[in-house]
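Notes to accompany the following structure.
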Amino acid sequence: MVVLPVLFLLGSLFLCDQVQAQSDTILMLKQAALNWKGALTCETSDCNCTFNQQRGCCCAASDMFQLEEDILERMTYLWHDISTLKGRVQSLTDKIKVAFKATMDPSIAVTIPGSTERCFGPFNINIPVPFSSVLLNSGNGYNPSLGIFTAPFPGVYVFSFTTYSSVGENGRLYHKVQLMKNGKHGPSVWENNREDTEDSATQVVALEMQRGDQVYLDLMSGRKLCTNLQYNVFTGYILYPYIAA
């Protein structure tokens with residue numbers, strides 16, 4: 001069986017233009033291979049390339065072709081399974097489209113006594129921020145009258161809110177807006193300085209929600225949002241629902 005490896009080596013030598021000479025021993029082995037009688041040494045590979053076809057032949061060709069067919073068949077089944085899964089996911093989620101976006105109405109601002117600033121607040125208690133100008137409300141989960149979003153489906157939701165305020169040259173930026181979930185405090189944005197005349201900040205948070213859970217924004221007591229209230233934005237959408245098996 002040592003002949004076969006030697007013959008493969010010979011094949012590469014004969015195909016290579018850089019080979020300048022061959023020894024008498026190599027020529028003798030080549031002739032012996034061409035004159036071979038009896039069963040071939042390719043074993044399970046159905047070819048006689050070792051001895052009768054020296055150029056561009058591979059004894060493993062049949063096995064490779066079979067492997068190709070097997071891979072193609074498996075890929076076909078896999079593509080079918082992926083398409084089926086995609087259809088099932090789409091049928092389950094088609095009715096679960098939840099997203100909202102709302103801003104504050106600047107007309108709710110009032111002039112603070114002794115100042116030219118028009119602000120929402122300050123109040124002596126925490127109060128929900130009224131995002132009453134609705135730009136999007138897919139699924140009708142957001143209530144603009146209350147400024148509250150109620151989850152229509154269980155799942156993971158993403159909420160973001162941008163808080164903006166602007167005061168006069170000698171004014172004081174003084175606000176704190178906090179995300180609330182079922183009455184419990186969440187992330188917040190705040191400002192308290194006399195160095196800037198305007199400022200804004202945004203928070204983004206992912207929350208696990210059950211059906212009926214509520215999310216809204218509170219303006220903390222004693223704080224205020226002034227000028228261009230329409231720049232205050234509250235948005236949310238469902239990232240993925242919880243679907244019973």
Side-chain angles (χ1 to χ4, degrees), residues 98-152 155-239:
V98 182
F100 74 93
K101 180 179 181 180
T103 64
M104 294 183 69
D105 181 355
S107 66
I108 66 172
V110 297
T111 302
I112 297 179
S115 169
T116 59
E117 297 173 358
R118 291 182 56 81
C119 305
F120 175 72
F123 305 98
N124 57 8
I125 60 171
N126 297 348
I127 190 167
V129 180
F131 294 91
S132 57
S133 298
V134 178
L135 305 177
L136 173 68
N137 197 11
S138 297
N140 296 315
Y142 180 71
N143 185 334
S145 299
L146 301 176
I148 295 175
F149 172 79
T150 304
V156 174
Y157 290 74
V158 175
F159 299 97
S160 70
F161 59 99
T162 297
T163 299
Y164 173 89
S165 189
S166 176
V167 295
E169 185 176 346
N170 297 317
R172 177 190 181 190
L173 287 172
Y174 190 55
H175 60 260
K176 182 177 181 181
V177 175
Q178 191 149 24
L179 183 76
M180 308 291 291
K181 176 188 174 184
N182 296 335
K184 296 182 179 179
H185 293 177
S188 65
V189 297
W190 60 275
E191 189 63 68
N192 180 14
N193 76 69
R194 295 182 181 274
E195 297 177 0
D196 300 327
T197 58
E198 68 173 353
D199 210 336
S200 67
T202 299
Q203 278 276 18
V204 180
V205 60
L207 294 177
E208 186 177 54
M209 304 277 285
Q210 299 300 322
R211 183 175 182 178
D213 283 351
Q214 293 186 325
V215 168
Y216 56 95
L217 296 174
D218 258 358
L219 177 66
M220 299 293 101
S221 63
R223 310 299 176 102
K224 60 183 180 178
L225 297 172
C226 304
T227 315
N228 295 323
L229 297 184
Q230 69 273 17
Y231 295 161
N232 289 271
V233 184
F234 185 27
T235 69
Y237 61 90
I238 188 169
L239 183 61

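Any value given below was found using the heavy atoms of this structure, including those in side chains, with hydrogens, waters and symmetry copies removed.
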Please find the pair of heavy atoms, one from [X] and one from [Y], that lie closest to each other, and give the distance.
X      : Y      : value
Ile112 : Pro122 : CD1-CD, 4.3 Å
Ser165 : His175 : CB-ND1, 3.6 Å
Asp218 : Met220 : CB-CE, 3.4 Å
Ser200 : Tyr164 : CB-CD1, 3.9 Å
Pro152 : Val98  : CG-CG2, 3.7 Å
Val233 : Lys101 : CG1-CE, 4.0 Å

Taking atom [atom1] of [X] and atom [atom2] of [Y], what is their separation to the nearest 0.5 Å?
X      : Y      : atom1 : atom2 : answer
Ile127 : Leu219 : CD1   : CG    : 8.0 Å
Asn124 : Ser221 : CG    : OG    : 7.5 Å
Met180 : Ser188 : CE    : OG    : 10.5 Å
Lys176 : Arg223 : NZ    : CZ    : 6.5 Å
Glu191 : Arg172 : CD    : CZ    : 10.5 Å
Ser166 : Asp199 : OG    : CG    : 10.0 Å

Fill in the blank from the handout: Applying side chain to side chain donor-acceptor pair (under 3.5 Å) to Gln203 and not counting sequence neighbours gives none
Problem - Partner residues of Thr197 under the side chain to side chain donor-acceptor pair (under 3.5 Å) criterion, sequence neighbours left out - result: none
Handout entry: Result of checking Ile108, Leu217, Leu229 against Pro130 for side-chain contact (heavy atoms from CB on, under 4.5 Å)
Key = Ile108
Handout entry: With Glu117, the side-chain contact (heavy atoms from CB on, under 4.5 Å) member among Thr227, Val167, Thr111
Key = Val167
Problem - Criterion side chain to side chain contact (heavy atoms under 4.5 Å, CB included) on Thr150 and Asn143, from CA distance to verdict - result: CA-CA 8 Å; Thr150 304; Asn143 185 334; over 6 Å; no
Practice task
For Tyr157, enumerate each residue passing the ring-ring contact (aromatic ring centres under 6.0 Å, His included) test, keeping only those at least two apart in sequence or located in another chain.
Solution key: Phe149
Problem - From CA spacing to verdict: side chain to side chain contact (heavy atoms under 4.5 Å, CB included), Leu225, Met104 - result: CA-CA 10 Å; Leu225 297 172; Met104 294 183 69; 4.0 Å; yes
Practice task
Indicate yes or no for a side-chain donor-acceptor contact from Asn192 to the backbone of Tyr174 under 3.5 Å, with no hydrogens or angles considered.
Solution key: no
Practice task
Indicate yes or no: at least one non-hydrogen side-chain atom of Asn232 is less than 4.5 angstrom from one of Val177.
Solution key: no
Problem - Heavy-atom check, side chain of Phe161 versus side chain of Thr163, under 4.5 Å - result: yes
Handout entry: disulfide bond (SG atoms under 2.5 Å apart): pairs with one or both residues in residues 159-206, sequence neighbours excluded
Key = none
Completion exercise
Taken in chain and number order and not counting sequence neighbours, the residues that satisfy side-chain contact (heavy atoms from CB on, under 4.5 Å) with Asn137 are Phe100, Val134, Asn140, Tyr142
Completion exercise
Sorted by chain and number, sequence neighbours left out, side-chain contact (heavy atoms from CB on, under 4.5 Å) with Val215 holds for Phe159, Leu179, Lys181, Leu207, Met209, Phe234
